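Written below as structure tokens is the structure these notes are about.
Here the structure is a predicted model, which is why all the values come from computation and not from measurement. As the structure lists them, so they are numbered: ligands from 1, and atoms in each ligand from 1.
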Amino acid sequence: MTHYISSKSTALSGHIKIPGDKSISHRAVMFGGIAEGETLIYGLLNSDDVMCTAQAMREMGAKVSNRGDGVWSIHGVGKGGLKSPKKPLDMGNSGTSTRLLLGLLSGYDVTAEFVGDASLSKRPMARVTDPLTQMGATFKSDGKDGLPLTMQGSSSLNEITYKLPVASAQVKSALILAALNAQGTSTITELEPTRDYTESMLQAFGVNVTCEGLDITIEGGQTLEGCAIDVPADPSSAAFPTVAALLCAGSDLTLNNVGLNARRDGLYRTLVDMGADIIFKNERTQGGEKVADLVIKHSPLNGVEVPIERVSSMIDEFPIFAVAASCASGTTTMRGLAELRVKESDRLGVMAKGLKECGVDLEEGDDYLIIHGTGAAPKGGAEIVTQLDHRIAMSFLVLGLVSDEPITIDDASPIMTSFPTFISGMKDIGADFRGEDEPENEPLELSLDTIEHLN
Ligand code: S3P
């Protein structure tokens with residue numbers, strides 16, 4: 001456990017490098033791992049979560065190697081080539097690795113045990129194992145809905161026609177990946193549009209996937225051909241320095257190459273609605289994804305009502321968005337947040353508790369959060385239990401940059417799952433973050449000699 005303390009900071013300025021998109025990185029490693037030939041990935045996120053996926057693919061026969069400078073090479077096992085892993089697949093903290101691999105392995109004659117950390121072990125898996133069981137895979141757990149879980153896939157999986165009961169890209173992707181190796185044609189219907197990287201990246205690997213409205217149709221038995229994947233910077237990671245710069249007076253920050261897929265950009269649209277000064281420069285398409293360079297300037301924010309249909313396009317951003325809302329003038333209303341209760345932590349409960357401890361006036365319901373901002377930063381001064389949740393850890397470190405009293409987080413290590421360079425990068429642009437065992441920044445004391453010299 002590494003305690004970290006965040007204290008009031010001056011303007012954040014310059015440039016911070018945002019690492020590669022986590023969702024795209026997981027998929028690139030998985031799909032490269034089952035493709036024929038070599039896949040080259042540029043700008044892969046080298047974080048704990050993605051390395052869980054990489055290690056799992058290695059244990060099932062793929063060759064995954066880091067060529068340096070963000071370039072990774074994957075030699076896939078080719079059609080039908082995945083082998084049963086010899087030891088349990090350690091999924092760490094990563095829900096995306098777990099759920100997508102459960103789907104992928106369902107179509108192979110393999111046995112695999114999935115294990116994870118304390119946070120992941122509590123997260124619901126029945127949302128994927130129920131439909132995968134219908135298709136013909138089998139799963140054994142110790143009776144609770146979570147990990148550890150042992151599965152037996154089948155090379156004669158049945159096709160499925162399935163309407164998702166939750167808005168979830170992970171469940172959708174698990175079923176698409178199972179359908180890829182099933183007999184016949186499957187149709188998966190989304191409840192609401194969610195991130196579509198599985199669909200678009202499979203197409204880049206030469207797979208025929210049809211998307212019409214909320215329906216995704218895929219025929220089983222198709223082969224993936226290795227290709228090149230360019231990974232943009234992760235908009236969910238960029239969200240933390242973006243909000244930090246909006247809140248810290250005098251800030252002027254640039255973030256390059258940020259992915260702005262229309263199913264991921266909800267936070268940015270909402271911040272602009274609140275009055276944020278964000279310029280989206282050099283909008284372009286890179287590797288099939290919309291990207292832009294963001295220039296963010298400190299801005300006073302006004303409370304808003306987040307349109308409910310926008311929730312899934314900013315599902316991972318609510319912790320940091322709640323920080324922005326806490327410093328805005330007026331009330332911000334967020335509804336339709338039930339899914340936040342089953343993320344790396346119960347994000348709705350953990351944010352509401354931590355913000356209250358920092359002096360924020362709010363109302364928490366089963367699936368909503370209403371924050372009454374005063375237009376000034378809250379008092380702060382709390383010690384936050386981050387519950388193995390990287391986004392909770394980063395959100396409260398950002399709030400500490402503007403709160404009256406420093407904010408401490410009990411454990412910064414989960415940040416390694418998605419944004420390993422967060423603390424060093426933020427310090428470089430002016431954030432006052434300090435590990436518990438590091439000395440406090442002393443106010444600059446000038447000696448008499450120096451003062452005379454300056455005169
Ligand atoms: C993800 C989907 C989302 C998101 C997660 C990554 C993905 O989860 O919260 O961080 O890569 O498909 P759900 O599908 O559970 O909403």
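- The shortest N or O to N or O distance between Glu339 and ligand 1 is not under 3.5 Å.
- Given atom 10 (O) of ligand 1, the protein heavy atom at minimum distance is Asp316 OD2, 2.9 Å.
- Taking the side chain as every heavy atom from C-beta outward, Val342 and Arg347 never approach each other to under 4.5 Å.
- The residue among Arg264, Lys343, Gln170 with a heavy atom at the shortest distance from atom 1 (C) of ligand 1 is Gln170.
- Counting only distance, with no hydrogens or angles, the side chain of Lys22 and the backbone of Asp234 share no donor-acceptor pair below 3.5 Å.
- Below 3.5 Å of separation, one finds no N or O of Val171 facing any N or O of ligand 1.
- The shortest N or O to N or O distance between Lys22 and ligand 1 is not under 3.5 Å.
- Counting only heavy atoms from C-beta outward, the side chains of Val71 and Ile41 never approach each other to under 4.5 Å.
- Side-chain polar atoms of Glu113 and Thr150 form no donor-acceptor pair below 3.5 angstrom.
- The shortest N or O to N or O distance between Arg391 and ligand 1 is not under 3.5 Å.
- Not a single donor-acceptor pair under 3.5 Å links the side chain of Arg310 to the backbone N or O of Val306.
- A donor-acceptor pair under 3.5 Å is formed between the side chain of Arg284 and the backbone N or O of Asn282.
- Across the listed options His26, Lys172, Arg27, Arg27 owns the non-hydrogen atom lying nearest to atom 12 (O) of ligand 1.
- The shortest N/O to N/O separation between Ser173 and ligand 1 does not fall below 3.5 Å.
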